[in-house]
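One structure is given here, and the rest of the page talks about it.
Each ligand, and each atom within it, is numbered from 1 in the order the structure gives.
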Amino acid sequence: MLHNAAKSSDLDPEDWDDFRSVAHDALGGMIDFIETVRERPVWQQAPAATLAQFREPLPRTGQDFRDVLADFESFIKPYATGNLHPLFLGWVHGAGTPVGMVAEMLAAGLNANCGGRNHVAIAVEQQIVRWAAEMLGFPENSSGIFVTGTSAANLSAVVIARNFAVGDEIRQKGLRAAGPQLVAYTSAEAHGSIRQAIEVAGIGSQFLRMIPVDECGAMRVDLLAKEIAADRADGLQPFLVAGTAGSVNAGALDDLSALADRCQAEDLWFHVDGAFGALCALSPRLKPLVRGIERASSVAFDFHKWGQVPYDAGFLLLRDADAHRRTYYNPTSYLHRMPSGLGAGEVWPCDLGFDLSRSFRALKTWFTLRVFGTEAIAACIERSCDLAKYLEIKLQRTPTFVLCAPVMLNIVCFAPARPDSDELARRIVIDLQERGVAAPSSTILGGRTVIRAAIVNHRTTEADIDAFCDALEESARRVTSSK
Ligand SMILES: Cc1ncc(COP(=O)(O)O)c(C=O)c1O
């Protein structure tokens, strides 16, 4: 018995040595799990009996830690998302690293609350802010904050840009007193979180112009200029352009320099959703693809995707530190600042967002960047793009599939070369996932359902892509023969 509530009123182990041994085993088991990831299915559906475990009532009395760990081994570990596996190719999922896992455990051990106060975790986060600015070519005095993910960072950027456009009075008087209707612009291929942000920020999604894209999936800047002019002529107030560095569907990149020029000419806030693509800035070879990002007013991106930091580690970087703080600073008696001691410090993270209690996300990012260095991370990003090209070439050589979008970065979209391809594409994706051999996802491009392989995992190799192509052919045979 590691903890005996009858004997002890605190929640620490009764026998620290026994706890140490169980904890070391748990960590060792997780390291083994990651080391042997290729030996298991990419993903498997949890059986009904397993899912029934999660309908047990609220536990009133404690159980032995060993027993709960055994349940974790049986009912949770085998049925996780699967994104540790090199053939998890769905959506845009980072793989994490064993180093990041240990860092996360250390952060949980410290249990730091990173909303503010004068402690070293805040200094670590501030160092990441400076590193993020350096990575993306922002000024040294830029502002930044960890958030859950790019969706949250996009929302925060929209709110800051909105307040910047209409003035700080909006905080007291609300949007209805703010003057002309605000309008925002993004591409038709933008991530859904941009629309959601515009809705949540009270702008209304009918005032988000989804500008058509060119054949490479990039926003048509000529059409953007026309829309802005038409909205101004109608008495509306354009305030924000959200560019995309790496679209979720196909990895397309807007011409960020051209968008920066347009925003400068129109005096608009230039936000970049660089969820994964922003980190191309780490690679001398790929950096030209995101040229112009260094001129953005704000950039949302994730360390948990191509940065390989374990979930979650979203980030928002802002050029105008003052605009950032003016949006959120919320003085209260219980959070007032002291000249020294724990209550010291000028800007706390809680002044830069609506979270007060926050975990120590910076630590796993700090470990990841220090242990691997940006060159190794950039090499993984480059390899993802090379593997996407390799997959593209292999698909061009098979009569079974046709490519459905140009491969700009790390995402390959393709479909069965048959008239009933929508239904077949869906069935192939499900077959691959349910056989546990690979986990691509599907999406809709130009009205057509396509199979989508996004290579984000640092473990994926050419041999994996070969295996994926074999598995694709096999699934295509299986679903067509079972029709
Ligand atoms: C381009 C883009 N923007 C935003 C997001 C949302 O990021 P998150 O899942 O971290 O909220 C994604 C997710 O894949 C994305 O690809």
Quick check on contacts: which atoms of ligand 1 are under 4.0 angstrom from a heavy atom of [X]?
{"X": "Gly149", "result": "10 (O), 11 (O)"}
{"X": "Phe276", "result": "16 (O)"}
{"X": "Val92", "result": "14 (O), 16 (O)"}
{"X": "His304", "result": "10 (O)"}

Would you call Gly314 a ligand 1 contact, heavy-atom distance under 4.0 Å?
no

So is Trp91 in contact with ligand 1, going by heavy-atom distances below 4.0 Å?
no

Apply the test salt bridge (Lys or Arg N to Asp or Glu O under 4.0 Å) to residues Asp322 and Arg326: give CA-CA distance (whole Å), side-chain angles for both, the deciding distance (0.1 Å), then the verdict.
CA-CA 6 Å; Asp322 197 41; Arg326 283 202 319 269; 2.6 Å; yes

Protein residue, atom and distance nearest to [atom], heavy-atom basis:
{"atom": "atom 2 (C) of ligand 1", "result": "Ala275 CB, 3.3 Å"}
{"atom": "atom 8 (P) of ligand 1", "result": "Lys305 NZ, 3.3 Å"}
{"atom": "atom 1 (C) of ligand 1", "result": "Gly246 O, 3.4 Å"}
{"atom": "atom 10 (O) of ligand 1", "result": "Asp302 OD2, 2.7 Å"}

What do we get for Thr150 next to ligand 1 when only non-hydrogen atoms under 4.0 Å count, side chain, backbone, both or neither?
both

Just heavy atoms, cut-off under 4.0 Å: does Ser151 contact ligand 1 by side chain, backbone, both, or neither?
both

Does one side chain, of Thr449 or Arg426, offer a donor that lies under 3.5 Å from an acceptor on the other?
yes

Does a donor on one side chain and an acceptor on the other come within less than 3.5 Å for Asp466 and Tyr390?
yes

Polar proximity ligand 1 side, [X] side, N/O cut 3.5 Å exclusive:
{"X": "Thr244", "value": "no"}
{"X": "Ser193", "value": "no"}
{"X": "Asp273", "value": "yes"}

Please enumerate all residues that pass salt bridge (Lys or Arg N to Asp or Glu O under 4.0 Å) together with Asp470, with sequence neighbours excluded.
none

Kindly indicate whether a cation-pi arrangement holds for Arg361 with Phe315, taking the cut-offs as under 6.0 Å to the six-membered ring centre and within 45° of the axis.
no

List in chain and number order the residues that pass side chain to side chain donor-acceptor pair (under 3.5 Å) with Glu382, two or more places apart in sequence or in another chain; answer none if no residue qualifies.
Ser283

Using a 3.5 Å distance criterion without hydrogens, assess whether the side chain of Asn111 forms a donor-acceptor pair with backbone atoms of Ala108.
no

Does the side chain of Leu236 reach to within under 4.5 Å of the side chain of Arg232, using non-hydrogen atoms?
no

Measure the shortest side-chain to side-chain distance between Ile465 and Thr460 over non-hydrogen atoms and say whether it is less than 4.5 angstrom.
yes

Stepwise side-chain hydrogen bond (donor to acceptor under 3.5 Å, both in side chains) check, Tyr328 with Ser156:
CA-CA 10 Å; Tyr328 289 109; Ser156 190; 2.8 Å; yes

